[in-house]
Asker: 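One structure, pasted below without further comment.
First listed ligand is number 1; within each ligand, the first listed atom is number 1. Everything numeric in this text was worked out from a predicted model, so none of it was measured.
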Amino acid sequence: MTLSFYLATKNINKVKEIQDILKDTGLIVRPAPSDISFPEETGKTLEENAIGKARYLKNIIGAEPVAGEDTGLVVEKLNGLPGVMSARFASSQPDDRKNIEKLLNMLSHCKKMEERKAKFITVVALIISEEEIIFKGEIEGHIAFTPRGTNGFGYDPVFEIPYLGKTFAELTMKEKNIFSHRAIAFRKLADYMLKR
Ligand code: ITT
């Protein structure tokens with residue numbers, strides 16, 4: 001039997017990454033119908049937002065399993081900001097360029113790499129057989145001094161992997177998917193779905 005789940009996101013880059021992450025598992029990722037728009041995220045945590053997206057899509061399509069995911073960039077020197085506010089960090093309408101500019105400005109006094117520690121956290125909420133199950137993935141890095149690279153999306157041009165000396169945006173999608181926050185979380189989801 002082919003296993004699949006609906007994915008509650010409007011972010012086409014996430015869909016592409018998740019399809020690539022899961023391509024060898026046999027799990028099919030079904031993007032949310034394109035005419036659906038999701039309400040603004042108002043949760044206080046990544047978990048609340050991930051569950052909110054999954055429940056919203058499940059109610060609309062009346063089908064399961066459904067996965068919602070929320071990702072945040074957590075910067076140590078900024079006491080965890082932008083965190084759950086990552087999409088609307090700089091303005092009420094999400095804007096990657098403005099978000100990066102604000103982040104770099106707020107860190108401009110941090111001249112040493114160890115002062116620029118950050119991590120990406122992805123939380124996935126899977127609704128299956130009316131149960132809600134949470135999976136998490138995290139990756140540590142630091143915020144580069146200037147944006148580098150043209151691949152990826154969001155904060156990728158300023159998220160540097162220390163031992164590679166490259167930002168996520170300087171990696172191909174396949175390279176990012178070897179160890180990204182999203183890959184860790186969705187491989188846990190795949191293990192769970194394939195073993196149940
Ligand atoms: P959905 O809510 O429709 O899933 P979104 O883009 O709003 O899509 P998030 O709320 O999870 O997704 O993302 C919060 C912010 O973090 C947003 O600005 C994203 O561009 C950024 N982001 C998420 N995943 C990222 C990644 O892997 N690399 C860089 N930035 C990322």
Side-chain angles (χ1 to χ4, degrees), residues 5-21 29-57 60 66-75 78 80-104 118-126 134-144 147-161 166-187:
F5 64 90
Y6 292 92
L7 184 59
T9 182
K10 291 304 278 180
N11 185 327
I12 188 69
N13 292 297
K14 284 188 183 178
V15 176
K16 284 186 193 155
E17 284 190 7
I18 295 162
Q19 285 175 332
D20 183 70
I21 288 162
V29 181
R30 301 189 189 282
S34 55
D35 56 340
I36 290 180
S37 50
F38 288 84
E40 196 171 312
E41 293 160 33
T42 53
K44 290 190 176 56
T45 61
L46 299 175
E47 282 84 350
E48 275 180 47
N49 284 336
I51 290 171
K53 292 181 215 186
R55 285 183 190 162
Y56 183 80
L57 183 62
I60 287 186
V66 176
E69 77 112 279
D70 203 38
T71 293
L73 177 66
V74 172
V75 180
L78 303 181
L81 282 175
V84 74
M85 299 294 300
S86 291
R88 292 180 171 75
F89 187 41
S91 49
S92 56
Q93 283 309 308
D95 183 321
D96 291 344
R97 195 187 52 78
K98 284 189 191 161
N99 284 340
I100 286 178
E101 204 174 277
K102 178 169 178 182
L103 180 65
L104 292 181
K119 57 186 172 183
F120 266 124
I121 304 177
T122 289
V123 175
V124 182
L126 176 71
I134 298 288
F135 306 95
K136 263 191 186 184
E138 289 190 20
I139 180 162
E140 293 189 350
H142 49 233
I143 304 300
R148 299 197 319 267
T150 53
N151 298 326
F153 64 99
Y155 295 91
D156 280 346
V158 289
F159 189 81
E160 189 169 308
I161 308 297
K166 285 186 175 180
T167 67
F168 265 158
E170 292 178 301
L171 302 180
T172 63
M173 183 178 71
K174 286 199 184 318
E175 289 168 335
K176 179 181 174 187
N177 286 348
I178 294 171
F179 46 76
S180 80
H181 45 302
R182 182 162 294 108
I184 294 167
F186 275 91
R187 283 196 199 107

Asker: Step through the shown structure and confirm whether more than 12 heavy atoms of other residues, nucleotides or ligands are within 6.0 Å of NZ on Lys102.
Answerer: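 For Lys102, atom NZ is crowded (more than 12 foreign heavy atoms under 6.0 Å).
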Asker: On the ring face of Phe38, is Lys10 found with NZ or CZ under 6.0 Å from the centre and within 45° of the axis?
Answerer: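 Cation-pi check for Lys10 and Phe38: fails.
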Asker: Side chains of Ile184 and Glu138: closer than 4.5 Å at any heavy-atom pair?
Answerer: no
Asker: For ligand 1, find each of its N or O atoms that sits under 3.5 Å from a protein N or O atom, and tabulate the pairs with distances to one decimal place.
Answerer:
unit_1, atom_1, unit_2, atom_2, d
ligand 1, 2 (O), Glu41, OE2, 2.6
ligand 1, 2 (O), Lys53, NZ, 2.6
ligand 1, 3 (O), Thr9, OG1, 3.1
ligand 1, 3 (O), Lys10, N, 2.9
ligand 1, 4 (O), Thr9, OG1, 2.6
ligand 1, 4 (O), Lys14, NZ, 2.7
ligand 1, 4 (O), Lys53, NZ, 3.3
ligand 1, 6 (O), Asn11, ND2, 2.9
ligand 1, 10 (O), Glu41, OE1, 3.3
ligand 1, 10 (O), Asp70, OD1, 3.0
ligand 1, 11 (O), Lys14, NZ, 2.7
ligand 1, 11 (O), Asp70, OD1, 3.2
ligand 1, 11 (O), Thr71, N, 2.9
ligand 1, 12 (O), Lys14, NZ, 2.9
ligand 1, 24 (N), Arg182, NH2, 2.8
ligand 1, 27 (O), Lys176, NZ, 2.8
ligand 1, 27 (O), His181, NE2, 2.8
ligand 1, 27 (O), Arg182, NH1, 2.9
ligand 1, 28 (N), Asp156, OD1, 2.6
ligand 1, 28 (N), Lys176, NZ, 3.4
ligand 1, 30 (N), Tyr155, N, 3.0

Asker: Kindly assign one of parallel, tilted or perpendicular to the pair Phe5 and Phe186, based on the angle between their ring planes and the thresholds 30° and 60°.
Answerer: parallel
Asker: Which class fits the ring pair Phe179 and Phe168: parallel under 30°, tilted 30 to 60°, perpendicular over 60°?
Answerer: parallel
Asker: Under 3.5 Å, side chain of Asp70 to main-chain N/O of Val123, donor-acceptor pair present?
Answerer: no
